[in-house]
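Worksheet for the structure shown next.
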Amino acid sequence: MAEEQDKKQKPKATLIKHRKPSAGSFSQEDRTDKNDKKKVVVVKKKTKKTVPKVVAKKEEPVPVEQEKQAVSSPQAPRTADSGRGTGTEARPPQRPRQNTHSQTNSRPNGPQDRRPYNRDSRDNNRDNRDNRGFQNRNSHREGGSDQRRSFDRRQSGPDASQQRRSGGPAPRRQGGAPSGGPRRGPSGPPPRGPRRGPGTAPQGGQRRGPGSAPAGGKSTDDSLSAGKKQGGKKFYKAKKKTAYQKSKKDDVQEKSFQIKKKQVKRANPVPKEIEIMEVITVSELARKMNLKASELIGKLMEMGMMVTINQQIDAETAEILASEYNCNVKIVSLYDETLIETEKDNDEDLRERPPIVTVMGHVDHGKTKLLDAIRSTNVVAGEFGGITQHIGAYKVKVRDHEVVFLDTPGHEAFTLMRARGAQITDIVILVVAANDGVMPQTIEAIHHAKEAKVPIIVAVNKVDLADANIDRVKQQLSEYDLIPEAWGGSTLFCEISALKKTGIDSLLETVLLQAELLELKANYTCRAEGKVIESKVDHGRGIVSTVIVQRGTLRVGDAFVAGVYPGKVRALFNDKGEKIDEAPPATPVEILGFTGIPDAGSPFQVTETERQARQVGAKRQELEKQGEAQNVKKITLDNLYDSIQEGSIQELKVVVKGDVHGSVEALQTALEKLSTKEIHLVVIHAAAGAIVENDVNLAAASNAIIVGFHVRPTPKAQMIAEREKVDIRKYNVIYDAVEDIRSAMEGMLAPDLQEEVIGTVEVRDTFKVPKIGVIAGCYVTNGKARRNALVRVYREHIEIHSGKISSLKRFKDDAKEVDAGYECGLGIENFNDLKVGDTLEVYEVREIAKKL
Ligand SMILES: Nc1nc2c(ncn2[C@@H]2O[C@H](COP(=O)(O)OP(=O)(O)OP(=O)(O)O)[C@@H](O)[C@H]2O)c(=O)[nH]1
């Protein structure tokens, strides 16, 4: 054993010898070098308890004091002071560094060719960390950087070349991997290294050292390789131990460094108070609090909330979170900041304004004809003669008064705008064809107008026709509380012929009369306010919007905000397409100068400055995003009870649609009986037929739910319902509908089972297959058709059967499911009445937990 150790030491003695020539010119240094080298050996041995003895025996010149010193202060070489201290008296300045280098080294000969870069980079890393304020490490690192410098010198300096030429040891080899070694030790010396131990190269690079160096033993490589061969095991053990010790220290330092790092982060403290909106995303809150989002997410998880970085939390939760950091939360309303203060009206500013009228009625009852008649008798024949209309609204003169007509499809414009909270119309003209009488859309129009609390003037049209029955119309309308004055009611009736242009003046007179009753007045001097009635992108002119000014006077150059878009009036055009400079109240006007396309119904407001317009626009856009994220609350059966409890609704409005009139009436009566003291159930519209856009618009505008009995929404209605978040409930049994709504009202709704429509299929052909029945050649228009899925058969939007898909084929092969855009053969269990044109709604019933 001792022999082995002796042998192991030999190379190091050789190493020392061979360093002499390398430092040839420094005679004094030779001595110090020798000492150094001896010291190197001692230090290395010191880490291994058994080695020093051997060294002492072999290396007579090793001063015992030095050895003791080294043994008693094993870490000494790691600090600059100690490292230098041992050598400063005797050595030139560079040598101690080399000593430090070699002392800190835990590797024998690092792979000379491959390692330097890595060592360097490690040193760099460490240096970086040092820069972040580590005193201990700084001193340690000094050696490292010195090593690097000496490495550079070795690479390029004359000494190095001399050494190489003379076959002397490259100084770097003495040191091997400087402090990289120890670091590597703990965290992961390449697993193979230690195992291979002394005999083999611990790492790829080291393999070269012992194995490939000439056996002359005159170079450091040689000596070390010899050492490895003989006693490398111990040598490595010592290295490993050193490495381990150092790594432990490194670990501690690393941890304290981490802590310091955290403390440094906290140097950017959590503010004492932050301002947030009603809701805030986790990332935004973290940003405001100078914290990491992950930290907040962790805290929220502790509170039992699983949120993602982009998820929104309410102000209350944010308050709780912030309080943990002694941070106050001030809730500010973004909505408040989006409001533009309106100028107050003084009585003297108020002047009469023209009424704004919408024409509504059943299809083909003569709405367009009436609008044409009004325009031609009052505009065309009047001042402007033959001027074509440019925008969806126009002004006519009746005696000395003006009347504004909205010339857009009555229902759509009316309800869409109302759905967006824009109440523009002052009066509704309900057109009813005298020969046809009251029809479904007539009733719808009545409901829309009543919901909007807009007075109705009835225009009984087509009185020129032989089969016109005016009394019948009056009779029918009286059922809807539209009773003529002559019959003791208060509704104004006019008998007209839009075709023959008779009764038009009388109708306009009636409109003026009604307007007078309404005492319509507006401020003409304040900043303009109005509503957008339509928008388009005009080739050459850009975004063009038609706005009805409701109060104030709009002028060219005014800054404004329309919906969420700021702008500045570049040009104004009236309903005849003429350029104008200003538009007083109740004027439909086309405006250029928008920065975005505002929606119909959006509010239009002039601001004091352009800057204010931009700021408000930006805030509104932010609010809109939030609103979208929050899914603006509409009444549904799921949130009904909560809304009742909150007191936010006292009335549940329902639109009832059914397959036949009888069932609609029955359902309406049954539902109305559900009214309680807390909540009143009002059926605002009930009719037979599919659920159409107008039903959804009405429900959206009135915050109502739709109950469909054996009917479903048309695709467009479905689309609007999804957009406007209108709850549509479909039932096949009246009892189920009543029970569901009762449960919802009582807060007991447990929609454990919920239908999910997975596809729509169109029947394009039918085949009779003997013993099987009727198979439909179908085309999947939407989603997918799935075998064994449930299916409802609709004919003209009315449900005629519900069952299960019993067979599904693609060509001749059975298919499990068929996607949209493909044809398939489809059979329905126990149902052979499929016809071309039928629509199949494929759905599945899923268990859904009750929504709170
Ligand atoms: N005899 C007669 N026919 C009329 C009268 N008013 C309209 N019509 C005719 O009725 C048909 C429908 O008229 P429109 O003005 O297009 O009816 P509408 O209500 O606008 O129809 P939609 O736009 O489809 O809703 C046309 O052929 C008109 O010529 C009228 O007073 N007398």
Side-chain angles (χ1 to χ4, degrees), residues 356-381 388-394 396 398 403-418 425 427-449 454 456-474 476-477 480 482 484 492-511 533-534 575 600 685 687 689-690 692-698 714 716-717 720 797:
I356 300 164
V357 182
T358 302
V359 176
M360 298 170 91
H362 192 71
V363 66
D364 271 358
H365 276 201
K367 300 181 290 289
T368 314
K369 210 79 189 160
L370 172 62
L371 283 165
D372 283 347
I374 292 169
R375 197 163 43 223
S376 61
T377 52
N378 292 275
V379 182
V380 181
T388 41
Q389 186 197 338
H390 285 257
I391 53 179
Y394 60 85
V396 295
V398 184
V403 180
V404 178
F405 283 90
L406 287 186
D407 190 16
T408 42
H411 284 41
E412 210 175 306
F414 190 80
T415 50
L416 259 182
M417 285 184 198
R418 273 207 334 109
T425 308
I427 297 165
V428 162
I429 294 181
L430 180 68
V431 180
V432 188
N435 57 337
D436 239 6
V438 171
M439 299 297 280
Q441 274 188 287
T442 318
I443 299 164
E444 258 181 48
I446 295 169
H447 289 309
H448 283 298
V454 175
I456 296 172
I457 296 175
V458 179
V460 185
N461 193 26
K462 305 192 185 182
V463 290
D464 57 298
L465 290 177
D467 57 348
N469 188 341
I470 299 165
D471 278 352
R472 189 182 59 155
V473 172
K474 287 181 178 170
Q476 286 173 332
L477 287 174
Y480 297 92
L482 297 176
L492 302 172
F493 274 68
C494 293
E495 294 161 23
I496 62 163
S497 167
L499 187 73
K500 304 262 180 248
K501 294 178 184 163
T502 55
I504 306 297
D505 288 342
S506 149
L507 176 66
L508 292 174
E509 290 283 340
T510 313
V511 168
I533 57 170
E534 62 183 14
D575 51 344
H685 178 56
V692 294
E693 298 132 77
N694 278 325
D695 299 321
V696 181
N697 281 333
L698 176 62
T714 60
K716 202 169 174 196
I720 299 169
H797 298 297

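As the structure is a computational prediction, the values presented were derived from the model and not from experiment. Counting starts at 1 for both ligands and their atoms, in listed order.
The side-chain contact (heavy atoms from CB on, under 4.5 Å) test applied to Val473 returns Val432, Val460, Leu477, not counting sequence neighbours. Every residue meeting the side-chain contact (heavy atoms from CB on, under 4.5 Å) condition with Asp464, not counting sequence neighbours, appears here in chain and number order: Lys462, Ser497, Leu499, Lys500. Applying the side-chain contact (heavy atoms from CB on, under 4.5 Å) rule to Asp695 yields the partners Glu444, Val655, Lys657, His685, Ile691, Val692, Ile706; only residues at least two apart in sequence or on another chain are considered.
A distance-only check finds no donor-acceptor pair linking the side chain of Asn461 to the backbone of Ala433 [under 3.5 Å]. With hydrogens and angles ignored, the 3.5 Å screen pairs no side-chain donor or acceptor of Arg472 with any backbone N or O of Val438.
Within 4.0 Å of ligand 1, the residues that place a heavy atom are His362, Val363, Asp364, His365, Gly366, Lys367, Thr368, Lys369, Asn461, Lys462, Asp464, Leu465, Ser497, Ala498, Leu499, listed by chain and number.
Here His448 contributes atom NE2 and Thr358 contributes atom OG1; the two are 12.0 Å apart, rounded to the nearest 0.5 Å.
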